Amino acid sequence: IAVPKSINLKASVLLVILSLVLVNPVKAGTVYLPLIFKAPEVKILDNLSVYVDYYNYLHVVGEAQNTSSVNLQFIEIHIYFYGSTGNFLAHDYTYTYLNNLPAYQKTCFEIMLPVPSGWTSYRFAPVQYITDGFPLPSFTQTVSGSYISSTGSYMIDGSIKNATSSTYDWVMPVGTLYNSAGKVVG
């Protein structure tokens with residue numbers, strides 16, 4: 001059975017069951033089982049952080065990991081907030097900072113919204129994505145220093161060099177910052 005390299009799906013967990021089409025007559029006493037293929041999966045890692053900023057905005061910062069052998073793109077993360085009785089209060093979504101998420105790699109995301117009044121819990125919906133992503137290009141980076149800017153932002157100085165013969169447009173460095181406990185903080 002030939003399975004295409006890229007199957008355009010937009011779901012986090014989808015089970016595709018392909019039944020065998022028999023050309024030859026069925027042999028007595030033989031059991032024929034369906035073939036089962038699991039769609040690629042993106043997992044929200046549990047090292048995320050949730051905090052409220054000075055302007056009363058709630059931030060959820062974390063990482064999403066492609067746990068499959070397929071390159072993905074346009075990874076969309078939805079979060080729902082609930083009150084103490086389980087009542088729905090708010091919803092928001094974002095895309096990961098990397099548009100393409102290669103097989104077995106991870107990238108960061110941030111969801112930011114006004115603090116939902118009375119929220120006590122949240123839940124992530126199944127992650128949505130497209131399965132026709134690309135591997136990341138071969139760039140090298142050097143970090144020459146870091147500092148806190150006058151606006152309070154953490155700044156990292158350095159350079160990125162294209163190590164390939166191809167030309168790339170709209171290059172943006174993406175990185176994840178962790179605290180000493182390994183939690184994502186930015």
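Everything numeric here is computed off the predicted structure, so don't read it as measured data.
Of all heavy-atom pairs spanning Val174 and Cys108, the tightest one is CG1-SG, 3.8 Å. Of all heavy-atom pairs between Leu101 and Gln65, the closest is CD2-C, 4.4 Å. Closest approach of Pro116 and Leu89 over heavy atoms only: CB-CB, 4.4 Å. In plain terms, the two heavy atoms of Gly133 and Gln73 that are nearest each other are CA-CB, 3.9 Å. Shortest non-hydrogen contact noted between Ala163 and Thr140 is CB-CG2, 4.5 Å.
Asn100 contributes atom CG, which lies 6.0 Å from atom CZ of Phe134 (distance to the nearest 0.5 angstrom). Atom CG in Asp132 sits 8.0 Å away from atom CZ in Phe74 (nearest 0.5 Å). Between Gln128 atom CD and Ile75 atom CD1 the span is 11.5 Å, to the nearest 0.5 Å. Taking CG of Leu58 as the start and CE of Met112 as the end, the distance is 10.5 Å to the nearest 0.5 Å. Remark: Ser49 OG to Tyr178 OH distance equals 11.0 Å, nearest 0.5 Å. To the nearest 0.5 Å, atom CD1 of residue Ile111 and atom OH of residue Tyr122 are 10.0 Å apart.
By the rule that hydrophobic residues join a cluster once side-chain heavy atoms approach within less than 4.5 Å of another member, Phe109 and Val184 end up as members of separate clusters. Taken together through direct or relayed side-chain contacts under 4.5 Å among Ile, Leu, Val, Met, Phe, Trp and Tyr, Tyr154 and Val61 form parts of separate hydrophobic clusters.
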Exercise for the section: Take Trp170 and Met172 through the test side chain to side chain contact (heavy atoms under 4.5 Å, CB included) and record every step on the way to the result. Expected result: CA-CA 6 Å; Trp170 301 100; Met172 181 179 81; over 6 Å; no
Practice task
With side chain to side chain donor-acceptor pair (under 3.5 Å) as the test, would you mind laying out the steps for Ser159 and Thr142 before giving the verdict?
Solution key: CA-CA 5 Å; Ser159 63; Thr142 57; 2.8 Å; yes
Handout entry: CA sep, side-chain torsions, deciding dist, call: Glu63, Tyr97, side chain to side chain donor-acceptor pair (under 3.5 Å)
Key = CA-CA 10 Å; Glu63 291 180 301; Tyr97 282 106; over 6 Å; no
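In this structure, Thr131 contributes its side chain and Leu72 its backbone to no donor-acceptor pair below 3.5 Å. Checking side-chain atoms of Ser146 against main-chain N and O of Ile156 turns up no donor-acceptor pair under 3.5 Å. Within the 3.5 Å criterion, the main-chain N or O of Thr107 finds no donor-acceptor partner in the side chain of Thr96. When atom types are taken as modelled, the side chain of Ser153 and the backbone of Met155 share no donor-acceptor pair closer than 3.5 angstrom. Checked by atom type and distance alone, the side chain of Thr67 pairs as donor or acceptor with a backbone atom of Glu41 at under 3.5 Å.
Residues Tyr80 and Phe124 place their aromatic rings such that the two centres sit no closer than 6.0 Å.
When each of Leu113, Thr120, Asn87 is tested with Phe81 by the rule side chain to side chain contact (heavy atoms under 4.5 Å, CB included), just one qualifies, namely Leu113.
Contact of the Asn66 side chain with the Tyr129 side chain is not registered, since no non-hydrogen atoms from C-beta on lie closer than 4.5 Å. Between Asp157 and Val143 there is no side-chain heavy-atom pair separated by less than 4.5 Å. Counting heavy atoms from C-beta outward, Val60 and Tyr51 have side chains that stay 4.5 Å or more apart. Side-chain atoms of Val50 and Leu48, non-hydrogen and from C-beta on, do get closer than 4.5 Å to each other. Between Tyr57 and His59, some side-chain heavy-atom pair lies under the 4.5 Å cut-off. Side-chain contact between Tyr168 and Phe139 is present, with at least one heavy-atom pair separated by less than 4.5 Å. Using a 4.5 Å heavy-atom threshold, the side chains of Leu136 and Leu98 count as touching.
Heavy-atom neighbours of Tyr82 OH from other residues, nucleotides or ligands within 6.0 Å: above the threshold of 12. By the neighbour-count criterion of 12 heavy atoms within 6.0 Å, atom CG of Asp46 is sparsely surrounded, having that number or fewer from other residues, nucleotides or ligands. Heavy-atom neighbours of Tyr55 OH from other residues, nucleotides or ligands within 6.0 Å: at or below the threshold of 12.
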